[in-house]
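Below is one structure, written out as structure tokens, with a few remarks after it.
Side-chain atoms are counted along with the backbone in the values below, which use heavy atoms only and exclude waters and symmetry mates. Just so you know, ligand 1 is whichever comes first in the structure, and atom 1 is the first atom listed for that ligand.
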Amino acid sequence: MTDRPVWNARPHLLSIEEWGYKIDDYLENADGGEIIFNINPDDDRVYDAIYIGGGAAGRFGSAYLKALGGRQLVVDAWPFLGGSCPHNACVPHHLFSDCAAELMLNREFSGRYWFSDLDNKIVNMKEIVDMFRKGRIGPHAIMNFQSKEQLDMEFILNTTARIIDPHTVEAAGRIFKTRNIVLSTGSTPNRLGIPGENLKGVFDYETFVEDLDYEPGDTAVVVGGGKTAAIYGCFFNATGRRTILVVRSTLLKLVPDSEIRGYLIDRMKEQGMEILEYSNLVRIENDGNGRVKAAIIETPDGERRVETDFIFTGIGDTPNSEQVAATLGLKLGDKKEVIVDEQLRTNVPNVYAVGDLIGAPMEMFKARKSGTYAARHIMGQDVSYSPRDFPDFVHTHYEVTWFGMSEDEAREVYDNVIIIKMPPENENGLNVGLPASDRMMLYALEKPHLSGYQKLIIDGASRKVLGIHHVGCGAKDGFQYLCRMIKAGITVDDLGEMDELFLNPTHFIQLSRLRAGNEVLIDL
Ligand code: FAD
Ligand code: COM
């Protein structure tokens, strides 16, 4: 039984603003405040599913199950639904990436036109983090408002759930019976496991937004070579800090096309980032007062000591599986992901697992879709889901998007690979004012080599699009649809038949049209 006060939200109609005040209160309250209880007393059906964890996976799964006529309950430890995305992951990531892009633009045009003079200036980043912490209450409030007032979901928030068996869950001191449990407990950032990692001044994406209570000095050391490290590293760099990326193998190897990857890394270096590949942070020195004083890095050229008061780690995430696995006897993979089949079923009957908990790819589309596919299967639909062939993206100072094969991959499989790219191969290299479009126009006209890069990969025989890659701004949305079209077998001729909204971020439609008339395709 819980001894914490329980607040029944059910009889109240709360506005988004009222939810905001409540959530803010709970997050500020040292003992967490009341448990938020929203159970429908007029429904006496046994639950079809209880979702443990109300992040993207649990919230979308719950909503879908309800839409299909089932009865759901979702329990979350936080006082809001939506999980890590609005609290410490996607939303702050996009804020910091926006800042990185804006700051890079300002630095490139520093003191000219209307841009302020940022030469040799470090801008405040604690202010941005504080602003985020305040602002995130908005998305939190919307999630609760939408889930309760619009989707009529049942939930218990601000408390953990205890699983008793596959049909019984305890939360807020009450026992709930269910036909199925869906585990959606997410993941946690990996730790370095090195001396000094608990010192003040060592952050990951969670603690950066929760605990940053000082303005970091002029040097940031970032550990990792994947999305989180690149995203946050580019932001720290754009604030004007010396930024050193310590990468165990190679940076951004998740970007499939080597030319695109090269373009990105060249731009990062040009912005002043120092990249130490095949290197490891091995020790963090204490300043004598429990704060970081220096990072000791092993590189292929020997050990380096970097004085800093700020270290950020982005070395991947581990599914929050241990507790649920021990309680239920679940089978785990070697990265501690819960093993599921294509119906999202675990090895324990009536127990499903979804979202980050089932491992890579740890992305929102998979969290949301896997949650809904579990719901559909529970409600009797004959469905299967396994994430493959999806579009992907990362932010550096740019937005980088891709789908399908890289040029190298295509050349291994196909004899006649056609490349349409921008800027085109030419004797000036990148120094061509194309591509040009949204947010890239100043670069295109004045610093053309900064205006992005794009590449379309085609099988010359079938004329089908094999891969598509973009560096710039504003193409992410289009890739969601392009991916579907490419999977359906779109050709260069079909692309040329589309209608562009010129100046479009990707120039693929008009470039395809220029070549589509040729019986024998050649590069452009
Ligand atoms: P979560 O959202 O983490 O939800 C898990 C929930 O379970 C939490 O709310 C937690 O409180 C709750 N919980 C855990 N244990 C219990 C318990 N015992 N009882 C009750 N509740 C419990 N993906 C994108 O597609 N786009 C992006 O831009 C993007 N940016 C990212 C940036 C960063 C820095 C990171 C780390 C990830 C990013 N991702 C992004 C990935 C994305 O955030 C995750 O894939 C997604 O949020 C996972 O959703 P989930 O529901 O599985 O887990
Ligand atoms: C989005 C959270 S920030 S959710 O996927 O809508 O629940």
* Is the distance between the ring centroids of Y205 and Y232 under 6.0 Å? -> no
* Do R71 and Y47 meet the cation-pi criteria used here (NZ or CZ under 6.0 Å from the six-membered ring centre, within 45° of the axis)? -> yes
* **H12 and W7 aromatic centres sub-6.0 Å** => yes
* Structure fact -> Heavy-atom nearest pair, I16 first then A141, reads O-CB, 3.2 Å
* Run the numbers for me: atoms of ligand 1, each under 4.0 Å from some heavy atom of G355, listed by number. => 52 (O)
* Asked: Where is the nearest protein heavy atom to atom 2 (C) of ligand 2: which residue, which atom, and how far?
  -> G82 O, 3.7 Å
* Short N/O distance, under 3.5 Å, between G58 and ligand 1? -> no
* May I ask you to check if ligand 1 and A77 share an N or O to N or O distance below 3.5 Å? => yes
* Which of the numbered atoms in ligand 1 are below 4.0 angstrom from a heavy atom of S184? -> 5 (C), 6 (C), 7 (O)
* To do: Apply side-chain hydrogen bond (donor to acceptor under 3.5 Å, both in side chains) to K66 and S62, showing your working.
  => CA-CA 6 Å; K66 173 125 187 116; S62 277; over 6 Å; no
* Structure fact -> Taking every heavy atom of V400 against every heavy atom of T396, the minimum-distance pair comes out as CG2-OG1, 4.2 Å
* Which atom of Q343 lies closest to which atom of S384, heavy atoms considered -> NE2-CB, 3.3 Å
* Tell me which protein heavy atom sits closest to atom 13 (N) of ligand 1, plus the residue, atom name and distance to 0.1 Å. => G53 CA, 4.2 Å
* N/O of T228 under 3.5 Å from N/O of ligand 1, yes or no? -> no
* To do: Can you figure out which of P79, S370, A57, C90 has its heavy atom closest to atom 42 (C) of ligand 1?
  => C90
* Closest non-hydrogen atom pair between I35 and N158, with its separation -> CG1-O, 4.0 Å
* **Element-labelled atoms of ligand 1 that are located less than 4.0 Å from some non-hydrogen atom of G83** => 2 (O), 9 (O)
* Structure fact -> Per-atom filter on ligand 2: closer than 4.0 angstrom to a heavy atom of M364 are 1 (C), 5 (O)
* To do: For atom 4 (O) of ligand 1, find the nearest protein heavy atom and state the residue, atom name and distance (0.1 Å precision).
  => G55 CA, 3.4 Å
* **Nearest neighbour in protein (non-hydrogen) for atom 53 (O) of ligand 1** => G186 CA, 3.4 Å
* Name the orientation class of the two ring planes belonging to F80 and W78 (parallel below 30°, tilted from 30 to 60°, perpendicular beyond 60°). => parallel
* To do: Check the side chains of K177 and T168 for a donor-acceptor pair under 3.5 angstrom, ignoring hydrogens and angles.
  => yes
* Asked: Given the rule in the side-chain hydrogen bond (donor to acceptor under 3.5 Å, both in side chains) test, do T243 and R241 qualify, once you have shown the distances and angles that lead to the verdict?
  -> CA-CA 6 Å; T243 300; R241 290 171 170 84; over 6 Å; no
* Asked: What class does the angle between the rings of F37 and F176 fall in, given that below 30° is parallel, 30 to 60° is tilted and above 60° is perpendicular?
  -> tilted
* Answer yes or no for K227 and F393: cation-pi contact, defined as NZ/CZ to six-membered ring centre under 6.0 Å and angle to ring axis within 45°. => yes
* Give the residue, atom name and distance (to 0.1 Å) of the protein heavy atom nearest atom 41 (C) of ligand 1. => M362 O, 3.4 Å
* Asked: Looking only at non-hydrogen atoms, which of I358, D76, D356, V74 approaches atom 48 (C) of ligand 1 most closely?
  -> D356
* Structure fact -> Min over H94, R368, R59 of heavy-atom distance to atom 1 (C) of ligand 2 lands on R368
* To do: Please find out if less than 6.0 Å separates the ring center of Y453 from that of Y263.
  => yes
* Heavy-atom contacts with A56 under 4.0 Å: which atoms of ligand 2 show up? List them by number with element. => 5 (O), 7 (O)
* Atoms of ligand 1, numbered as shown, that sit under 4.0 Å from any heavy atom of T185 -> 5 (C), 7 (O), 14 (C), 15 (N), 16 (C)
* Asked: Going through the checks in order, is the ring pair (Phe, Tyr, Trp, His ring centres under 6.0 Å) test met by F236 and F310?
  -> CA-CA 10 Å; F236 304 145; F310 183 80; 4.9 Å; yes
* Asked: Taking only heavy atoms of Y232, which atoms of ligand 1 are found under 4.0 Å from at least one of them?
  -> 34 (C)
* **Atom indices of ligand 2, in the order listed, that fall short of 4.0 Å to a heavy atom of C85** => 1 (C), 3 (S)
* Structure fact -> Restricting to heavy atoms, the pick from G316, S84, A171, P92 nearest atom 1 (P) of ligand 1 would be S84
* Does A161, backbone or side chain, put an N or O under 3.5 Å from an N or O of ligand 1? -> yes
* Asked: Where the closest heavy atom to atom 33 (C) of ligand 1 is concerned, which of A89, G82, C85 has it?
  -> A89
* Structure fact -> Near V75 (heavy-atom distance under 4.0 Å), the atoms of ligand 1 are 20 (C), 21 (N)
* Under a heavy-atom criterion of less than 4.0 Å, does N320 contact ligand 1? -> no
* Asked: Should you measure from each heavy atom of H94, which atoms of ligand 1 turn up under 4.0 Å away?
  -> 28 (O)
* Look at ligand 2 and say whether Q146 reaches it with a heavy atom at a distance under 4.0 Å. => no
* To do: Give yes if a backbone or side-chain nitrogen or oxygen of S187 is under 3.5 Å from a nitrogen or oxygen of ligand 1, and no if not.
  => no
* Asked: Looking only at heavy atoms of K227, does any of them come nearer than 4.0 Å to an atom of ligand 1?
  -> no
* Asked: Going by an N to O cut-off under 4.0 Å, is there a salt bridge joining R376 and D48?
  -> no
* Please write down residue, atom name and distance for the protein heavy atom closest to atom 30 (N) of ligand 1. => H93 ND1, 2.9 Å
* To do: State, with a plain yes or no, whether a side-chain heavy atom of I39 is found less than 4.5 Å away from one of I156.
  => yes
* Please state which part of F60 comes within less than 4.0 Å of ligand 1, counting heavy atoms only: side chain, backbone, both or neither. => neither
* Asked: Mind checking whether L357 has a heavy atom under 4.0 Å from ligand 1?
  -> no
* N or O pair under 3.5 Å between M364 and ligand 1 -> yes
* **Contact check: A367 vs ligand 1, nitrogen or oxygen atoms, below 3.5 angstrom** => no
* Which ligand 1 atoms, with their elements, are less than 4.0 angstrom from a heavy-atom of E363? -> 23 (N), 24 (C), 25 (O), 45 (O)
* **Heavy-atom pair with the smallest gap, counting every atom of P216 and M125** => CG-CE, 3.4 Å
* **Test of proximity, Y205 against ligand 1: N or O pairs below 3.5 Å** => no
* Do the two ring centres, one from Y352 and one from Y51, sit under 6.0 Å apart? -> no
* What closest approach, in Å, do S187 and D317 show between heavy atoms, and which atom pair accounts for it? -> OG-CB, 3.6 Å
